[in-house]
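Take a look at the structure set out below.
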Amino acid sequence: MLSCDGAGVLIVTFVNESPSANQTLRVWVRFARHVSADVRQTLSAMLRCTGIETDCMPSPPTGTGLFVFDAYDDETLESLRSASRNAAVLVIAMVAPAIATPIQWDLLRAGAADVLVWPQLPRDALQVSARLGRWLAVQNLVDSPRVSNSLIGTSDVWRSLVRQVVEVAAFTRSSVLINGESGTGKELIARLIHDLSPNNPRHEMVIVDCTTISAELSGSELFGHERGAFTGAVCQREGAFELANGGTLFLDEIGELPPPLQARLLRVIQEHKYKRVGSNTWQHTDFRLVCATNRDLDTGMVDGTFRRDLYFRIAGWICRTPSLRERRADIPALARHFVSSEWSNNERKEPAPEFDDSVREYLLARDYPGNVRDLRRVVTRLLHRHTGPGPITVGNVPEEERPCASLAATSWPDITFNSAIRHAVQLGIGLKEIGQAATETAVDAAIDLEQQNLHRAACRLGVTDRALQMRRANRAGTA
């Protein structure tokens, strides 16, 4: 029998719709206060027909949940924001389509992962189980070592990207365009897409650096050539598209290709057919295409430096890798990862050193024009200067990279903070909500930076342990 806790939250567990028979999905269901008891009972019976059983709910809500309402108001939207802060939430809007249509985007902005419009019951509960089953499979992959050990970070923007990449990689064969600044991990994303792609477990990823392709040799490099096709062609050669057959072709920095070379890619990308240089025979190749660039291709299409018809062939799915300044909370975890990696590469037997508090603050405050690649360079230099047991200390920071005296006074609030507040104002978010979100983000960041140590997090925020505990308890109670 289904049951509710004191906050009117129902906990359910999927047993027959999860990707594996041995997996269960814990799902909390929150009903808005307007929802009648009859509707709750009817919906509960529908869920029970898909094999859903009750369980206990963690607090605050995490994982995956359902949010059900039949009357839309500001209180409903605020409840959804609280419920979806650390969870993937499927909203069931039990309102007329005329009401639901204009508010669905608001629900997504408030944190909903998807919205089902059910004007009345009964409806097909398999709509719920199918979505939650997919989300479970995606989350299991996100949490698996093959993903978490290669894509380091727990910030919201990074976790959102990883979930997006995992889903498009494991459940589609779509082409993917990865856009982002230099040093943000575009090739790591491409390799993960290849590793998770269905049907190509034993094929390698073929990498083509578009900055090195010359117009004279592009045909041979991309499509291969027949023996005797031109002077010096003493044997047959396989091109990139042929080598990628059955696997993944990664065109790195595709924005650097001049338009004449871009035109040569149109047919092979769309039809997966090509001719070797010197051949009249069409060859078939089956590959997954992943492209990356640090250029703004939208601008390129406007000024004519990038072909519009090529863009729509390569951009079946678009992933944007965030800069390191957008995910500063991940800096400590990334730095520890780089230390461990360097330590193991040198086959050191003693434990890898930690960073003392001053060095950790230095890493957090520093600018990284080269993004994650720049952070790795800095950490490697610190580690190379470090000697003996104990933590890495400020003396290991090279003199030319030490912060100037004015750094602390000028580093905050920076342009990223100002842009985030401006974006919230443009979306119509009120001052109270902005302040609340900023406070909760600061609390989460401090706890993450202090590796879940509440005492150190409270010291970092300048509050007492009791104040931080009460804030977390109040937040859990309103979720």
Side-chain angles (χ1 to χ4, degrees), residues 148 151-162 180-185 188 321-343 352-386 390-421 437-463 465 468 471:
S148 59
L151 300 182
I152 309 300
T154 59
S155 63
D156 290 344
V157 64
W158 186 248
R159 294 281 290 183
S160 176
L161 171 67
V162 173
E181 297 178 13
S182 178
T184 52
L188 282 177
T321 53
S323 64
L324 192 55
R325 61 183 174 274
E326 296 175 78
R327 47 182 296 227
R328 283 191 172 273
D330 292 334
I331 289 176
L334 286 165
R336 289 193 298 270
H337 171 73
F338 295 146
V339 168
S340 298
S341 177
E342 186 74 19
W343 209 251
E354 298 288 337
F355 300 99
D356 73 6
D357 290 343
S358 296
V359 174
R360 185 172 54 181
E361 295 293 339
Y362 161 75
L363 292 174
L364 284 167
R366 192 184 187 279
D367 288 329
Y368 298 94
N371 292 297
V372 178
R373 187 181 293 120
D374 193 359
L375 173 62
R376 180 162 198 159
R377 177 191 66 84
V378 171
V379 170
T380 301
R381 291 193 70 186
L382 294 179
L383 190 59
H384 287 169
R385 290 171 59 91
H386 176 69
I392 297 173
T393 54
V394 293
N396 300 135
V397 179
E399 186 172 352
E400 67 273 15
E401 296 199 14
R402 294 173 184 175
C404 61
S406 61
L407 177 63
T410 61
S411 61
W412 191 88
D414 58 11
I415 188 171
T416 303
F417 178 85
N418 293 336
S419 296
I421 298 300
T439 299
E440 292 174 353
T441 300
V443 169
D444 290 341
I447 293 173
D448 286 343
L449 291 173
E450 297 298 345
Q451 303 177 51
Q452 309 305 309
N453 186 305
L454 294 184
H455 173 69
R456 292 204 303 264
C459 292
R460 178 183 287 272
L461 294 170
V463 300
D465 294 8
L468 184 59
R471 183 176 293 277

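Both backbone and side-chain heavy atoms feed into the values below; hydrogens, waters and symmetry mates do not. Quick caveat: nothing in here was measured; it's all calculated off a predicted structure.
In this structure a side-chain-to-backbone donor-acceptor pair under 3.5 Å is present from D330 to S155. Judged by distance alone, the side chain of Y368 and the main-chain N or O of R376 form no donor-acceptor pair under 3.5 Å. Formation of a donor-acceptor pair under 3.5 Å by the D444 side chain with backbone atoms of T441 is not found in this model. Formation of a donor-acceptor pair under 3.5 Å by the E440 side chain with backbone atoms of A437 is not found in this model.
Shown here are the side-chain contact (heavy atoms from CB on, under 4.5 Å) partners of P332, two or more places apart in sequence or in another chain: R336, L364, L449. Every residue meeting the salt bridge (Lys or Arg N to Asp or Glu O under 4.0 Å) condition with R381, not counting sequence neighbours, appears here in chain and number order: E400, E401.
In this structure, a donor-acceptor pair under 3.5 Å is present between the side chains of E326 and S323.
Contact between V379 and F338 at its shortest, heavy atoms only, is CG1-CB, 4.0 Å. In terms of heavy-atom proximity, V339 sits nearest to P353 at CG1-O, 3.7 Å. When all heavy atoms of R325 and R328 are compared, the closest pair comes out as O-CG, 3.8 Å. Pairing each heavy atom of L375 with each of A335, the nearest pair is CD2-N, 4.3 Å. In terms of heavy atoms, G395 sits closest to R385 at O-NH2, 3.3 Å. Listed here is the closest heavy atom pair of P322 and T184: O-CG2, 3.5 Å.
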Stepwise side-chain contact (heavy atoms from CB on, under 4.5 Å) test for R366 and I331: CA-CA 10 Å; R366 192 184 187 279; I331 289 176; over 6 Å; no
Verdict with supporting geometry, T439 and R471, side-chain contact (heavy atoms from CB on, under 4.5 Å): CA-CA 10 Å; T439 299; R471 183 176 293 277; 3.3 Å; yes
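If you take OG1 on T380 and CD on E342, they are separated by 5.0 Å, rounding to the nearest 0.5 Å. Atom CG of L382 is separated from atom CZ of R377 by 9.5 Å, given to the nearest 0.5 angstrom. Annotation: the span from L454 atom CG to L461 atom CG amounts to 10.5 Å, rounded to 0.5 Å. To the nearest 0.5 Å, the span separating CD on E181 from CG on N371 amounts to 5.0 Å. Between T321 atom OG1 and L188 atom CG the span is 10.0 Å, to the nearest 0.5 Å. Interatomic distance, R460 CZ to R456 CZ, rounded to the nearest 0.5 Å: 9.0 Å.
Inter-residue side-chain proximity for L324 and D374 is flagged as unmet; no heavy-atom pair is nearer than 4.5 Å.
With a 6.0 Å radius and a threshold of 12 heavy atoms from other residues, nucleotides or ligands, H455 has its NE2 atom at or below the threshold.
With respect to the salt-bridge test (charged N to carboxylate O, under 4.0 angstrom), the residues D156 and R159 do not qualify.
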